[in-house]
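In what follows, chains are A, B, ... by sequence order, proteins preceding strands, each numbered from 1. The shown structure was predicted, so the numbers you read here are calculated from the model rather than taken from an experiment. In what follows, every heavy atom counts, from backbone to side chain, and hydrogens, waters and symmetry copies are set aside.
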Protein chains: 2
Amino acid sequence: MVVNAYIIDAVRRMVCMRMSFDERLGSHFKRVEQELQAAKSAAVKPAGLTVPQYAALFVLDEQPGISAAELARRCAVTPQTMTTILRNLEAGGLIERTPHPLHKHVIETRPTPAGRKALDQADKRATGVERRLAAAFSEEEAETLRALLARVSETLTTDPILKS
Amino acid sequence: MVVNAYIIDAVRRMVCMRMSFDERLGSHFKRVEQELQAAKSAAVKPAGLTVPQYAALFVLDEQPGISAAELARRCAVTPQTMTTILRNLEAGGLIERTPHPLHKHVIETRPTPAGRKALDQADKRATGVERRLAAAFSEEEAETLRALLARVSETLTTDPILKS
DNA sequence: TGACGACCATCAGAACTCTGATTAGTGTCT
DNA sequence: AGACACTAATCAGAGTTCTGATGGTCGTCA
């Protein structure tokens with residue numbers, strides 16, 4: 001007995017069956033992001049860092065003296081979140097913050113020697129995760145993946161979802 | 001003056017320049033996941049739900065009476081996290097929890113009529129996001145993306161990263 | 001029956017994340 | 001000079017998430 005896939009789909013809609021988890025691209029992204037997060041977290045943990053702290057230190061090491069607001073933009077978090085991250089980093093003695101000599105309402109942030117040491121240690125292992133990941137794909141596949149991800153990103157940001 | 005790309009790369013390694021954000025697949029995943037999260041969040045917000053709450057209600061609607069531990073596994077969060085989510089859902093009157101008639105240490109959870117209503121409302125809009133996303137890809141592209149994501153997942157979970 | 005292991009639920013503590021609101025300095029335009 | 005807009009920093013509150021620890025219940029196996 002042959003069952004038409006179209007009919008199955010139509011019936012599903014009639015009985016109000018929802019889109020399954022597996023059909024949703026979102027669930028795949030979530031899983032991958034979660035696993036990646038876990039791997040990275042395990043990688044930077046021995047250095048006493050969390051992933052967001054590592055990201056902040058990473059940017060700070062490239063551009064010492066950057067403001068918290070700019071740092072937040074680079075790390076793709078809100079300024080409030082960055083304030084929290086910096087507070088924890090400062091409490092651990094990994095960064096130091098001093099008022100800007102000219103702009104009084106700007107606080108310059110830069111890593112301490114201890115911060116740079118932690119960053120080095122974390123970066124070695126974090127890069128290892130990325131390299132292992134990259135090794136699972138040919139250059140062409142990696143490019144395809146990047147392109148598809150960019151398309152997802154574009155779709156999500158240009159679509160008028162937020163206005164509906 | 002011609003500069004060899006290989007030499008540039010070699011120099012970078014010598015001066016200990018780190019892997020850039022753009023080289024890291026992780027940064028692309030993070031961005032996409034973040035945007036997707038934002039879109040979903042905006043979609044379910046009018047129904048008074050957060051994304052994890054929506055996910056929990058979604059599973060609960062398919063399998064009423066499920067335990068919190070099982071629910072946590074389905075939603076890919078820890079039992080502790082699910083406890084928090086359920087506490088908030090219960091406070092909002094969207095679910096009800098009653099002791100299991102046989103196993104006294106198990107609490108059965110099921111959506112209330114209000115919960116089902118919120119789920120319906122949220123699901124319509126959440127599905128809309130997924131459909132719009134799916135519309136940006138051909139069936140073949142979507143399949144490629146799913147396959148690549150699965151490879152990432154496999155690489156991350158089978159690799160001995162966590163033991164290093 | 002009694003011990004052990006497996007599982008469920010939950011508390012405690014910490015970190016990250018967001019939205020919303022406040023305070024204050026800088027720069028521009030009238 | 002004064003008004004306005006922009007930016008920086010931060011507080012407050014809420015939600016999600018984790019690890020670690022605790023206590024209770026069920027089933028199995030000696």
Side-chain angles (χ1 to χ4, degrees), chain A residues 30-31 33-42 44-46 48-57 65-92 94-95 97-109 162, chain B residues 30-31 33-57 65-92 94-95 97-109 162:
Chain A
K30 189 194 170 184
R31 182 168 34 81
E33 172 66 12
Q34 210 166 30
E35 289 163 355
L36 191 53
Q37 181 72 18
K40 277 184 171 177
S41 182
V44 302
K45 195 173 183 180
L49 297 176
T50 65
V51 175
Q53 286 172 351
Y54 163 65
L57 267 183
I66 200 174
S67 76
E70 178 61 23
L71 193 52
R73 282 189 286 271
R74 296 301 191 84
C75 294
V77 299
T78 59
Q80 293 90 327
T81 300
M82 187 50 71
T83 298
T84 307
I85 297 170
L86 292 180
R87 185 162 46 224
N88 289 324
L89 281 174
E90 192 174 19
L94 301 181
I95 58 168
R97 315 189 68 192
T98 53
H100 190 285
L102 297 177
H103 302 261
K104 284 170 188 165
H105 69 306
V106 173
I107 297 178
E108 284 190 340
T109 305
L162 300 170
Chain B
K30 188 193 170 183
R31 183 167 34 82
E33 172 66 12
Q34 210 166 28
E35 289 163 356
L36 191 53
Q37 181 72 17
K40 279 184 170 176
S41 182
V44 302
K45 194 173 184 180
L49 297 176
T50 64
V51 175
Q53 287 172 350
Y54 162 66
L57 267 183
I66 199 175
S67 77
E70 178 61 23
L71 193 52
R73 282 189 287 271
R74 294 302 189 85
C75 293
V77 298
T78 58
Q80 293 92 326
T81 299
M82 188 48 71
T83 298
T84 306
I85 296 171
L86 292 180
R87 184 162 46 222
N88 290 324
L89 281 175
E90 193 175 18
L94 301 180
I95 58 168
R97 317 189 66 192
T98 53
H100 190 286
L102 297 176
H103 302 259
K104 284 170 189 165
H105 68 307
V106 173
I107 297 178
E108 284 190 338
T109 305
L162 300 171

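Rounded to whole Å, atom P of C:dC7 lies 16 Å from atom CD1 of B:I66. Rounded to an integer number of Å, the gap from OH of A:Y54 to P of C:dC16 is 15 Å. Between the CD atom of A:E108 and the P atom of D:dA9 there is a distance of 10 Å, rounded to whole Å. Between the CG atom of A:L49 and the C1' atom of C:dA14 there is a distance of 15 Å, given to the nearest Å. Counting to the nearest Å, the C1' atom of D:dA8 and the CE atom of A:M82 are 14 Å from each other. Spacing between atom CD1 of A:I107 and atom C1' of D:dT7 amounts to 14 Å, rounded to whole angstrom units. Look at CD on B:Q37: it is 15 Å from C1' on C:dT19, rounded to the nearest Å. Taking atom CG of A:L71 as the reference point, atom P of D:dT7 lies 17 Å away to the nearest angstrom.
Between its opening and closing five pairs, the helix from C:dT1-D:dA30 to C:dT30-D:dA1 changes axis direction by 0°, a value rounded to 10 degrees.
Under the side chain to side chain donor-acceptor pair (under 3.5 Å) criterion, B:T50 pairs with B:Q53, not counting sequence neighbours. Taking B:V106 as the reference, B:S67, B:H100, B:H103 meet the side chain to side chain contact (heavy atoms under 4.5 Å, CB included) condition, with sequence neighbours excluded. Here A:E35 pairs with B:S153 under the side chain to side chain donor-acceptor pair (under 3.5 Å) rule; sequence neighbours left out.
The minimum heavy-atom distance linking B:Y54 with B:V44 is given by the pair CG-CG1, 4.0 Å. Taking all atoms of both residues into account, the shortest heavy-atom contact from B:P46 to B:A43 is CD-O, 3.4 Å. Minimum heavy-atom separation, A:R97 to A:A68: NH2-CB, 3.7 Å.
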TODO: Produce a footprint string for nucleotides 14-24 of chain D: one letter per nucleotide, 5' end first; B if the base is under 4.0 Å from any protein heavy atom, S if only the sugar-phosphate is, - if neither.
DONE: -SBBBBBB--B

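A:T109 contributes atom OG1, which lies 8.0 Å from atom CD of A:E90 (distance to the nearest 0.5 angstrom).
Contact annotation: B:R73 side-chain N/O to C:dC7 OP1/OP2 distance is not under 4.0 Å. Applying the 4.0 Å criterion to OP1 and OP2 of D:dT10, one finds that A:R97 has a side-chain N or O inside that range. Look at A:R87 and you won't find any side-chain N or O under 4.0 angstrom from OP1 or OP2 of C:dA14.
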Residues 71-78 of chain A side chain polar contacts: donor-acceptor under 3.5 Å, at least two apart:
{"unit_1": "A:R73", "atom_1": "NE", "unit_2": "A:E70", "atom_2": "OE1", "d": "3.1"}
{"unit_1": "A:R73", "atom_1": "NH2", "unit_2": "A:E70", "atom_2": "OE1", "d": "2.8"}
{"unit_1": "A:R74", "atom_1": "NE", "unit_2": "A:E70", "atom_2": "OE2", "d": "3.2"}
{"unit_1": "A:R74", "atom_1": "NH2", "unit_2": "A:Q63", "atom_2": "OE1", "d": "3.3"}
{"unit_1": "A:T78", "atom_1": "OG1", "unit_2": "A:T81", "atom_2": "N", "d": "3.3"}
{"unit_1": "A:T78", "atom_1": "OG1", "unit_2": "A:T81", "atom_2": "OG1", "d": "2.9"}

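Applying the side chain to side chain contact (heavy atoms under 4.5 Å, CB included) test between B:N88 and each of B:I85, B:T84, B:L86 identifies B:T84 as the sole match.
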